[in-house]
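Remember, it's 1-based here, ligands and their atoms both numbered in the order they're listed.
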Amino acid sequence: MNRDGRSRTRTYAVGALALLALATGCGDNGGGAAAPAGGGTSAAAPRPTGAAAPTSAAGTPAPTAPAPAGADAAAWAKWNLKPLAPAPAPPTDKPIKLERTGTVPVFSEVKTTDKVVFITIDDGAEKDPKFVEMLTELKVPISMFLTRDIVKNDYGYFKPLQALGNHIQNHTVDHPVMSKIPAEKQKSEICDAQSALTQQYGTAPLLFRPPFGDGANTPTLNNSVQQCGPRAIVLWRESMQIHDMQYQAADKKLKSGDIILAHFRGPKELKGATMTQMFGDLLARIQEQGFSVARLEDYIQAPAS
Ligand SMILES: [Zn+2]
């Protein structure tokens, strides 16, 4: 439909924004986050994923959706990693409940006592086949916040990652600083990306992340998001660099429920390191702090449709 309208004239801008994203860590200014949605009462969302998980050790039936991180020791060894503990079964009562209409919540963490963190990967510039191999083997869940004009030259790259159960989320058409553009332009940035991603990946993004976290808590951006379909604005607590994370917390430690920001980046942006080396280092930092990685969308209740 109207997906690729203006994109051709913007090729140069994508290159520029890739540099900008690198220089700024794609928004390490995205700090403060409001509390999750005020207690929603919407009905349970349908969860189309997977087969029922096995019965837990306690004998109680585990909720649906298989626990991620189920790779075997050999797979971890192949990537020179210590195995992450498998994530617990997803909570049946979701800590974040999204509403179908109205103001969207802004959050950078999930309230949970599970010893889990969530990995989000942004933009989509680097399309390294080795990373698909790595995720296929390690089965670590991720959420992908994709920028239309950065992924449109190869939408297909992300499909095997999606086929692993990972969700595609909205990260604008071409990565602008949202607070610097008028409301109408904000809306087209979000809505045009929403329709392109929906068309390409067959499912509408539920979540939105503004580039650099910019404008996340402004009424203007909230209103723009509301008009395009996503039902939450997602920020982060830690930002992966090359070998380690930048922490917002003074103690530089992961906490249960933290959302981590990473990027699809390659050697040019990572001082020679590859996407899989960066991601391996991220998993090592998570493993050594005793956390496992859970799927963010498993902790969020979508609005009743
Ligand atoms: Zn970004």
Minimum heavy-atom separation for S292 to A85, with atom names?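 Looks like CB-O, 2.7 Å.
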**Message:** Looking at T147 and I150, would you say the former's side chain and the latter's main chain have a donor-acceptor pair under 3.5 Å?
**Reply:** no
Under 6.0 Å between the ring centres of H175 and F212?
-> yes
- Which angle, to 10 degrees, forms at the Zn ion (ligand 1) with OD1 of D123 on one side and NE2 of H171 on the other?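 OD1 of D123, the Zn ion (ligand 1) and NE2 of H171 span an angle of about 90°.
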### Message
Determine whether F145 and F208 satisfy the following criterion, ring-ring contact (aromatic ring centres under 6.0 Å, His included), listing intermediate values before the conclusion.
### Response
CA-CA 7 Å; F145 287 80; F208 173 74; 8.3 Å; no
Taking 2.8 Å as the cut-off, does an N/O/S atom of D122 lie below it from the Zn ion (ligand 1)?
->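 False for D122.
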Measuring to the Zn ion (ligand 1), does H263 have an N/O/S atom at a distance below 2.8 Å?
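No, H263 does not qualify, because none of its backbone or side-chain N, O or S atoms lies under 2.8 Å.
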